Structure formats: structure tokens, C-alpha cells
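First the structure, in the form of C-alpha cells, and then the observations on it.
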There are 2 protein chains.
Amino acid sequence: MTKQTAKTTKRSLDVIDTIQTLGGATLDELTGELEIARSTVHLHLQTLLEEGYLTKEGAVYHIGLRFLNHGEYARSRKKAYTLAKQTVTDLSDRIDEEVEFVVENDNRGILVHESFHPDSHFPTKERHISTTPSSAGIYYYLHSVATGKAILAEFPDEHLEAVLDDWGLPEQTAHTITDQDEFFRELEEIRDRGIAFADEEYVDGLREVGRRVIGPDGSVLGAIAIIGPKYRFTNERYTSELPEILREYVNDLETEISDSYLDDYR
Amino acid sequence: MTKQTAKTTKRSLDVIDTIQTLGGATLDELTGELEIARSTVHLHLQTLLEEGYLTKEGAVYHIGLRFLNHGEYARSRKKAYTLAKQTVTDLSDRIDEEVEFVVENDNRGILVHESFHPDSHFPTKERHISTTPSSAGIYYYLHSVATGKAILAEFPDEHLEAVLDDWGLPEQTAHTITDQDEFFRELEEIRDRGIAFADEEYVDGLREVGRRVIGPDGSVLGAIAIIGPKYRFTNERYTSELPEILREYVNDLETEISDSYLDDYR
DNA sequence: TATAATGGTTCGGTTATCTCGAACTATTAA
DNA sequence: TTAATAGTTCGAGATAACCGAACCATTATA
């Protein structure tokens, strides 16, 4: 049969998502958006409010900080993620470029750790580093970013199929791969090379070099990518230097992860 | 009448909380813990799994990274929080001690931003700074920490009452204030002084100096505290120097916040 | 000042669905 | 081989989710 799901819970989660995409919303705005009875929306809002999953400012409902509790827990839960964080900062320091660690979730990619490379967003003012809000937690379509492609290249066929069913290959820029056959060939190449490139496939002007991170049990933990402006990612630096350094750092990370994994059994 | 709430949603949220407190759990473990039918637990797990709010490793269910998406959103949503982050790091650099920014949520305090002061946990090795998992997102009982007390001192009576009804004054250490009358007198003093102290009331050996942050509309946005070992928080440094510096930084932050608030109307 | 608009809340009746327990399979451990 | 654990589906009964309408309170508008 078709999979059983708790519809009331789904509706509550819908309310949460809607509030986030609207950037805060009132009772009536939500009623309009969700197309359900006002009293029903009210019921869900009350429930989520009471638990701290929402907060209210005047008449506007917003995402509550309780999510931060679970979110940070999820991020700190795996030792491997924390080790990856260190790799991200180390690697970023070494090459002086932005670095990200991305994990699959809900058949998309979620940004778990990022370096705060001053140059990348604010060329000069150092003060802005900490004022720039973190973009951790944002979702990527896997096919359009280097981390995502590196992850997909390791997925078994049925999982890959599920990803395509759920999200397809939406066009993000003129360079995004939107043809399925072409995408399969691309994944083939990535598997051979051990490195995924994304050349302005996610955002115009940005090039990315990514590599998947494999856990001690052989499963894909996530992926790390180096990201920077096209004009700094050219020739050998783009095609071989950065890939080589990335490979080195990811390999080291993988041994650290399996070492720490072994520690738990001693 | 008594407040209406969606019980199915509450149950799903219960499942989430239980999984987090157990640090991951199997279907049968959850069934035992929650004391509901196994098929019911299964239904909730399926629903949350499908949306990315849970992930599964073998037979063990864990908190999913989707929470990070909402959590980081909630943290970045208010400009004031991002400005507070900057104050936290600046202040920590200035005095060389741990600093925190805490916001009320669900009648408790939630840690939103913290400095990563090397000394505080790992006296020497610098490498550990980034390997130490962030403790952002953790909940405090408001009465036992300096930030919480500073916040409570600004609450209207009925809100304060709600806090006591929900959580009481649980003892955390031998120095925690657990008597209501005594606690009211303490809040009185904090209001007069503009500074809240917590002297080993949360953890043995730790002293804290806190001050609430007021928003442009007069409401309490949260609080900032300086935290450190008792042996470094003594005499005038504890009773007047650190309070003065804290007052200065919080006042500056408050003007920055109202400036940025005014910017939105220009 | 009257009037409209918006938000918050409660109510009861109908219906959807949540919940339970049992049953069955698959996988792994003893 | 047996026991233990996990995953899954089923139908029946009980519950509570959902709706629409109504009401009050507050704020904006005429």
C-alpha cells in the first residue's frame, strides 16, 4: 500500500515551512496561503507556539528558537561532522578560499559547516565576518553543486532515482545540467576522477571543486567543496591543484574519522 | 476554556524529544519509553523520516538535519541577534573570558551565541577550539544563570508567574536560589543594579555576570553574560570591573540595534 | 464618531484519521 | 532451531481534527 503518514503532523510541519518561506506571517495570511479553515490554522499555531517551535511578535508568527536546540544537536551528534568542521577551516586557511561541508537530507543537500572566508563576501571590512549571518542549514539541489554531485555519484541507482523523482534537475543557471542522460555521464566521470566540478551550475560566476567523504563503513557521510569566483579558479589551479589539495585533506579527514570511530571500541 | 492543542502534532514532537534525550533510539525503545502502541510510534517515525526531521542509521532513529535549517533561520532572522553575536566576540576578546548571548524561549533560556574562548575548556591546544562542538541551542533554567535572571528581572508579574509554574526553581547546585521570596528579592536587586550575578548557581566553580538587552520598543531581547572560573572572578573584578565593561558593551549594542532598526524605515 | 478591517478565540457537529492490538515477514543473535 | 528485534499492514473503534460561524478586542479608515 501507499505509505502511512500522520496528516495532522504533516499539516503542522506545513505551517512551519510556510511561515519560514513567507518570512513570518499572520493568522489570516497563513489561512490564505494554506487554504484551510482559520480555526484549524489557529489550532496548529497554538500548539507550536506552546512548545517554543514558533514565537509571536505582535500579530506575526515566526520560527522559534527551539529549532536551534534540535539543529545544533543534529550537527554535533556525529563526531565525523565536528572533524569535518576542522577540515573545512584548515583547508580554507591553507588555500584562502571558501570551503563547505554538505550532507544529504531529504534527498537534497544541507550545508552543515562552512568556512568564514573574509574575502568571499566582503572584500575588505573584517568586522563583517561575524555580522554576516551564517548560511548553515540552507538546502541545495544535489545536482547543481559540487558537493551534491560528489554525493550522488556514490548513491546506488534506486536512491539516485528517488532524488530525481523528488526534485528533478531544475535549472539554476544556464550551465546547470538539466538533461538526465548527460547527468548520468557526468556522474560516471566524477566516479572515475574522484572529484566533482561545478562550473557556474549553481550561481553565475562561481566555480566549485568537490569530493565526497566516505565513512568507516563505506557509506557516504557527505562532501566537501572549495568554492570561489571563476576568475580565481582557472587553468591548472582549477583542474588539478585545488583537486589535489582537496583530495589530500579529505583523505586525511577520512582516516581521522575511522580513528575516532575505532576509539569508541577501546 | 482550556487551550486547544493538536494532540497528534504534540505526540510527534514528543517522539522527537524522546529520541534526542535518548541520544537516538529504535522503534521498540521508543514504544517502551512513550507507552503507546508500536504501530502508532511507527506512523510518527515514518512521517518525520519522510520530511527529513529524522534520519535512520541501521535500526536507530536520530534527529535529522532539517532542524538545522529552521534553527539557523531562527538565529539569523533578527538583525539584533547577529549584532549580539558581534558583541559577544568583541567582548570576549576584550576581557579574555567566555561570553554568551541568551534568549528566552518556552519560558527557559536558550543559548543563541557564544564566544569560543580557548582557555575556558581547553587551556592549551588551539586545535580543539573548532573540534569542540558548539553548545548553542542548549536550554537553561532562567533562575539559575545570570542571563536568565537578568531577563526575568524585566518580565511583568504574570509572565514571571508562568515561568515558575512551568519549571519552578529546581536546584542545580548548592547555591541555586530555590526559595521564591528570596528569588523575588534577588530580582529586585538586579533591577536596581542593572546587573545580575550568578555565583555557582548553575555549575560549581563558575561565576557569571549578566545584563539584559533591551530592544528599541522597550521589550527584552535577551541577555549577555560573562562566564568564568571563580578564582578569576574575585573582588573588584567580579563586583565592579566586569559589570562596568559589560554595561558599556550592552549599551553600545542597544544603540546599534536601534540604529539598524531605524535603517529599515528609511 | 462611526465603520471597516484584522486578529484571537470558542463552539458543536461531522467526518477523517489516529490509535490500538494482532498478525505476519525479514533479519540477526543465541 | 529458536528467540529476539525491526518493519509493516490491517480492520475496527474511539478520538480529535476540521470546518464554519459567531463573538470580542484592537486598530485603522472614512
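Sequence lines set the chain letters: A, B, ... in the order given, protein chains first and strands last, and positions in each chain run from 1. Just so you know, these numbers come straight off a predicted model, no measurement behind them.
By the 4.5 Å heavy-atom criterion applied to side chains, B:Leu169 and B:Ile177 are not counted as neighbours.
Remark: C1' of C:dT6 and OH of A:Tyr61 are 12 Å apart, rounded to the nearest angstrom. Between the C1' atom of D:dA6 and the CD atom of B:Glu29 lies a distance of 11 Å, rounded to the nearest Å. Atom CG in A:Leu54 sits roughly 16 Å away from atom C1' in C:dG8 (whole-Å rounding). If you measure from atom CG of A:Asp28 to atom C1' of C:dG7, you get 6 Å, rounded to the nearest angstrom. Atom CD of B:Gln46 is separated from atom C1' of C:dT19 by 16 Å (rounded to the nearest Å).
Taking 4.0 Å as the cut-off between side-chain N and carboxylate O, A:Glu72 and A:Arg75 count as a salt-bridged pair. A salt bridge links B:Arg212 with B:Glu254: the distance from a Lys NZ or Arg NE/NH1/NH2 to an Asp or Glu carboxylate oxygen falls below 4.0 Å. Electrostatic pairing of B:Arg185 and B:Glu188 does not count as a salt bridge here, judged by no charged N lying under 4.0 Å from a carboxylate O.
Looking at residues two or more places apart in sequence or on another chain, you find a side chain to side chain contact (heavy atoms under 4.5 Å, CB included) between B:Asp17 and A:Tyr53, A:Arg66, A:His70.
OP1 or OP2 of D:dT8 lies within a sub-4.0 Å distance of a side-chain N or O belonging to B:His42.
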Under 3.5 Å, which N/O atoms of the protein pair with N/O atoms of nucleotides 11-19 of chain D?
{"from": "D:dA17", "atom 1": "OP1", "to": "B:Lys7", "atom 2": "N", "distance (Å)": "3.0"}
{"from": "D:dA17", "atom 1": "OP1", "to": "B:Thr8", "atom 2": "N", "distance (Å)": "3.2"}
{"from": "D:dA17", "atom 1": "OP1", "to": "B:Thr8", "atom 2": "OG1", "distance (Å)": "3.3"}
{"from": "D:dA17", "atom 1": "OP2", "to": "B:Thr5", "atom 2": "O", "distance (Å)": "3.2"}
{"from": "D:dA17", "atom 1": "OP2", "to": "B:Lys7", "atom 2": "N", "distance (Å)": "3.1"}
{"from": "D:dC18", "atom 1": "OP2", "to": "A:His44", "atom 2": "NE2", "distance (Å)": "2.7"}
{"from": "D:dC19", "atom 1": "OP2", "to": "A:Ala37", "atom 2": "N", "distance (Å)": "2.9"}
{"from": "D:dC19", "atom 1": "OP2", "to": "A:Thr40", "atom 2": "OG1", "distance (Å)": "2.6"}

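Ring geometry for B:His143 against B:Tyr141 counts as tilted: the plane angle lies between 30° and 60°, on a 0 to 90° scale.
Note that CZ of A:Phe155 and OG of A:Ser219 are 10.0 Å apart. Values are rounded to the nearest 0.5 Å. Taking CD1 of B:Ile214 as the reference point, atom OG of B:Ser258 lies at 12.0 Å (rounded to 0.5 Å).
Side chain of A:Leu27, nearest nucleotide from D:dA6, C:dG8, D:dT9: C:dG8.
End-to-end axis angle of the helix from C:dT1-D:dA30 to C:dA30-D:dT1, using five pairs per end and rounding to 10°, comes to 40°.
When the shell of 6.0 Å around CD of B:Glu33 is examined, it contains 12 or fewer heavy atoms from other residues, nucleotides or ligands.
Residue A:Lys10 is classed as having no contact, given no heavy-atom separation below 4.0 Å to the nucleic acid.
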